[in-house]
Amino acid sequence: MLVSSPLSGKWTASLCLLSTLCTLWTPAVSVKEHDFKKCDQSGFCKRNRVFADNAAASSSWESPYNILPESRSFKDGQFQAVVLKTINAKGDTVRLPLTVSFLESGTARVTVDEEKRQKKEIELRHDSKARKERYNEAEEWVVVGGLGLDKEATVGFEDKSQTTVKYGPSSAFEAIIKLSPFTIDFKRDGESQIKFNDRGLLNVEHWRPKIEKPETEKKEGEGDGGEKKEETTLENKEGSNSSGEDESTWWDESFGGNTDTKPRGPESIALDISFSGFDHVYGIPSHAGPLSLKETRGGEGKYSEPYRLYNADVFEYILDSPMTLYGAIPFMQAHRKGSSVGVFWLNAAETWIDIIKAKDWRNPLSLGGNSKTSTHTHWFSESGLLDVFVFLGPTPQDLTKKYGELTGYTAMPQEFALGYHQCRWNYVSDEDVRDVDRKMDKFSLPYDVIWLDIEYTDEKKYFTWDKHSFPDPIGMGKQLDNHGRKLVTIIDPHIKNVEGYQVVAELKSKEYAVKNKEGSIFEGWCWPGSSHWIDAFSPAAREWWATLFNYDSFKGTMKNTWIWNDMNEPSVFNGPETTMPKDNIHYGGWEHRDVHNLNGMTFHNATHHAVKSRERGELQRPFVLTRSFFSGSQRVGAMWTGDNQAAWDHLHASFPMILSQGISGFPFSGADVGGFFGNPEKDLQTRWYQAGAFYPFFRGHAHIDARRREPYLAGEPYTSIIAAALRLRYSLLPSWYTAFHQAYVDGTPIIKPMFYTHPGEEAGYDIDDQLFVGNTGLLAKPVTEQDKATAEIWIPDNEVYYDYFTYKTIPTSKGKRATIDAPLQKIPLLMQGGHIFGRRDRPRRSSSLMKWDDYTLVVTIGRDGGKSAEGDLYVDDGESYDFEKGQYIHRKFVLDGEATTISSTDAEGRDPSSVKEGDWMKKMHDVKVDRIVIVGAPASWAKKQATVESEGKSWPASLDYSAAAHGRASFATVKKVGARIGADWKVVVS
């Protein structure tokens, strides 16, 4: 968000306050790239890059890290040892405990700590209140399962130079742990996949006391004072010590007028991780760049800065950049034909990742085909443990599944959350909200949720309402509820510091706020002015936070009110890089530097649990949107890509960003439709709605200075085209909900990039502007370029493809691009042969009003008409947790190989008698399959009727058949099928 022009008298007053504080607020209102650190401005990043450069420049470089041979042990799937770091020419060493855990899932985990810090045998500077250990609690927030040790893992070989451990399925994985220097080579089926410290860049900055430089006698004529400190010599002006290390940012570091006191001194950890034979790496969101990550050491078409993970309030972020954004998921995947592998770097501190690619020559005399490209990455974090999980695949699906076993899968959302959300900063009154609601109905524009930004509050005090603009929030909520709609209100983590505000009074009296380095409550500036921040790491603070959302506390809210958490990086307008000082103190004594990237998730988590139950006896699936996130945030809600711009390039960039979220375990994601900043032209706004219909999270949003742009204001033909995009989304909600369920079960992305669905097709590895939706076979490539009236869709296989709207058979060739006509009113959307997916075709104003509607099934016949088709449909009540008690319907649909019978069976093989039906399942007895459309239907379907068999009965259903003509495929429609959606049935044509 950005401070902007007046909205009301109160807003004018607020703006005046901001003007008087302009020096404090400048980072928030005019953030540019220079407001955020580059690597050479971040002490530990610069040091580790220099370390890497020195290693690369030396022909005799050898890593100073070696395993103490006699320290090795292996028991019950866990290897333990001590790594010795040699720290000087005398051979002095630092002890670093090493644990390599081999997990039942086939995942390996490598953890390195520092013994002196572990034992608290260090001294803190400045009388700091911080903990002495390296931060070791990230696992408690992030990891929810999958840590069982593989007790079948064995030592396959060991001698004085190495230990080899065999583990994983059929012992097909092995870890070759070399002692001197310490390295690990992870292999699958005997072939190297991932290597640790292969380039010798492991670097654990050990604790050392600060030694003040001695003062030396001044020579005659050197000026007053008689003596001169040695640290003012040229050598020490450069911050170097006798070993050549740069000390200039070891003990304190300044940026943007703020100084970080670093009471524990230098403590970064770094490791080079090489992906052997892999040319493409993906993941580590969030960045506004391509899906396939770029190299970062300069050169044409490459970045010169590392990818940065340091959650920040980045205003009007730039595109095609490794610059940090609002969230961080340190999960990277590498992919090549026949293999997908990955690493998860479990560290919540500021992190940078360098990427380079290089040819590996099997025969140094060869100039030809014996080379392969490997990707070499270099990870460095400011503090904490070195804690890395290794996934050896071999498929992209294996990676997302195993990562989800550790960090959790996507929460099953309420169904309304998959509909369209209408938002802006700000709807100015409850009557404004009612008016938007009425007009959306008037223009037949379906939507599910309307949102309120910060102006609904009483002078930026959360859990309050502006009594003049929102005098009747209950009446507003009831109108929405009568139309089957929801309200979302924003609640941010900064609490206004003002007299007479009960929330801040309790926050201070109970000491639930984040503290500064001296141990007092931290004060900073955000939207309300002077503010304090809830410390959601504290269990007691989270319990207190939950009470604030109770209906009798947050008056004016109802069961259809949900929450938006913004600014939770946290955004602090007068803080370093617009965030909190790193030497602030959180619950447990941990410095903010240790937990920064976790902070947003802890607040999101606290709100998620708060709104599950807001009165006695209530339990609902929450909906909470977050801007800041970390690994594990997928368990508690949705995210969006932040403050984008109303520009074509931002529309285009949204898909690689959202696809990256999906493969990185957080698929419930979206971008602001229309762009947050600026005023989109009509064509751009229309195309963005067509694109947004394929975002898992679909929300239109606009800045307070932007013109009103509700879809009904666009005018014709734009409003009708936008309405068609919205109706397409709503008709396909059954398939979207099924895709969300799959993500909830095993981490499968909701929208999938080409490398994920067709991992053997190398030409698809760079493609990030088209996608498959769930398991439907729907292949979409929304138009994201100005004045484009065609789309070139890359075809990944030899299957047949049909136009979704016209049933035209698209001329395709595997690995080539098919040109699709895409005038403004047309979304390029194809159906791949061999699938069955569900729709609901009756237009409704919101998803809740579709709850008892019948279904249409679409069957797409495969190439040559002889391939069977399959699909599934998942349904539950869309709001409660009763699905965890078996209250759901999950059907598998199959068209047999002869293309004469379509059948429905329980997808999980459940015995219906094993589930006691509740009220929802009983009501679903009245919900039927209305129609089945068979696209590409063979001539055997050229009949007048088909036979339906279900529950011991059979009956005829009318059948219409249209032969292929003028490029359009043949198709058949079975009408009034009448079988229960939750029952076994067959439709037979003979």
Side-chain angles (χ1 to χ4, degrees), residues 73-81 96-113 118 133-155 163 165-175 177 184 186 188 193-194 196 269 271 273 283 328-333 341-349 379 381 384-393 397-411 537 588 590 594-595 597-598 601-602 605 630-636 664-666 744-747:
S73 67
F74 183 83
K75 182 180 180 182
D76 293 337
Q78 197 167 68
F79 173 89
Q80 292 184 309
L96 307 172
L98 165 70
T99 302
V100 184
S101 302
F102 301 95
L103 309 179
E104 291 174 325
S105 62
T107 301
R109 181 184 192 180
V110 178
T111 307
V112 177
D113 204 339
Q118 193 179 55
E133 310 99 303
R134 289 182 173 272
Y135 182 61
N136 55 20
E137 294 180 0
E139 175 186 313
E140 297 179 16
W141 284 99
V142 175
V143 178
V144 295
L147 293 182
L149 293 172
D150 178 8
K151 296 183 180 180
E152 302 299 316
T154 60
V155 174
T163 298
V165 177
K166 291 185 174 293
Y167 69 103
S170 303
S171 297
F173 302 165
E174 57 184 329
I177 305 169
I184 309 180
F186 292 95
R188 189 184 67 241
Q193 306 287 327
I194 296 174
F196 282 10
I269 51 106
L271 179 67
I273 302 175
I329 299 178
F331 176 35
M332 179 182 285
Q333 304 168 43
V341 298
V343 295
F344 171 41
W345 179 272
L346 181 52
N347 189 294
W379 301 63
S381 294
L385 301 176
L386 194 159
D387 195 359
V388 190
F389 293 83
V390 177
F391 309 93
L392 293 183
Q397 293 77 13
D398 290 324
L399 300 185
T400 50
K401 187 174 191 298
K402 299 303 181 186
Y403 172 78
E405 286 179 6
L406 288 172
T407 66
Y409 298 127
T410 297
F537 287 90
W590 298 110
D594 300 318
V595 301
N597 286 342
L598 269 174
M601 184 176 84
T602 66
N605 171 74
F630 192 66
S631 297
S633 290
Q634 68 272 11
R635 304 190 304 263
V636 291
S664 301
F666 198 170
Y744 164 77
V745 169
D746 65 8

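Along the sequence shown, residues are numbered consecutively beginning with 1.
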A side-chain contact here means heavy atoms from C-beta on lying under 4.5 Å apart; do [X] and [Y] qualify?
X: Trp379; Y: Pro330; result: yes
X: Tyr409; Y: Val745; result: no
X: Leu346; Y: Val143; result: yes
X: Leu103; Y: Glu405; result: no
X: Phe196; Y: Ile273; result: yes
X: Val100; Y: Thr111; result: no
X: Val165; Y: Thr163; result: yes
X: Glu104; Y: Leu149; result: no

Heavy-atom donor-acceptor pair, [X] side chain to [Y] backbone, under 3.5 Å:
X: Tyr167; Y: Ala172; result: no
X: Asn347; Y: Leu385; result: yes
X: Gln634; Y: Gly408; result: yes

For residues [X] and [Y], report the shortest heavy-atom separation together with the two atoms involved.
X: Gly747; Y: Thr400; result: O-CB, 3.6 Å
X: Ala108; Y: Phe186; result: CB-CE2, 3.8 Å
X: Gly77; Y: Ala153; result: CA-CB, 4.3 Å
X: Gln118; Y: Pro97; result: OE1-CG, 3.7 Å
X: Ser664; Y: Gly283; result: OG-CA, 3.5 Å
X: Trp590; Y: Asn136; result: CZ2-OD1, 3.6 Å

Within this structure, what is the [atom1]-[atom2] distance for the pair [X] and [Y], rounded to the nearest 0.5 Å?
X: Arg188; Y: Leu392; atom1: CZ; atom2: CG; answer: 6.5 Å
X: Lys402; Y: Gln397; atom1: NZ; atom2: CD; answer: 12.5 Å
X: Ser105; Y: Phe391; atom1: OG; atom2: CZ; answer: 7.5 Å
X: Phe630; Y: Leu598; atom1: CZ; atom2: CG; answer: 5.0 Å
X: Ile184; Y: Ile177; atom1: CD1; atom2: CD1; answer: 5.0 Å
X: Ser381; Y: Ile269; atom1: OG; atom2: CD1; answer: 4.5 Å

Report task. Apply the side chain to side chain contact (heavy atoms under 4.5 Å, CB included) test between Leu406 and each candidate in Leu147, Val144, Val142; give the one that qualifies. Result -> Leu147
Report task. Run the ring-centre check on Trp141 versus Phe537 and record whether the distance is less than 6.0 Å. Result -> yes
Query raised in the report: Taking the six-membered ring for Trp, are the ring centroids of Phe331 and Tyr403 within less than 6.0 Å of each other?
Result: yes
Query raised in the report: Would you call Arg109 and Glu139 a salt bridge, using N to O less than 4.0 angstrom?
Result: yes
Requested in this report: Could you walk me through whether Val110 and Leu98 pass side chain to side chain contact (heavy atoms under 4.5 Å, CB included), step by step?
Outcome: CA-CA 7 Å; Val110 178; Leu98 165 70; 3.9 Å; yes
Report task. Under the side chain to side chain contact (heavy atoms under 4.5 Å, CB included) rule, what do Leu96 and Asp113 come out as? Steps first, then yes or no, please. Result -> CA-CA 5 Å; Leu96 307 172; Asp113 204 339; over 6 Å; no
Report task. Please name the residue in the list Trp345, Phe344, Phe102 that meets the ring pair (Phe, Tyr, Trp, His ring centres under 6.0 Å) test with Phe389. Result -> Phe344
Query raised in the report: side chain to side chain contact (heavy atoms under 4.5 Å, CB included) between Thr107 and Val390: does it pass, once the steps are laid out?
Result: CA-CA 6 Å; Thr107 301; Val390 177; 5.8 Å; no
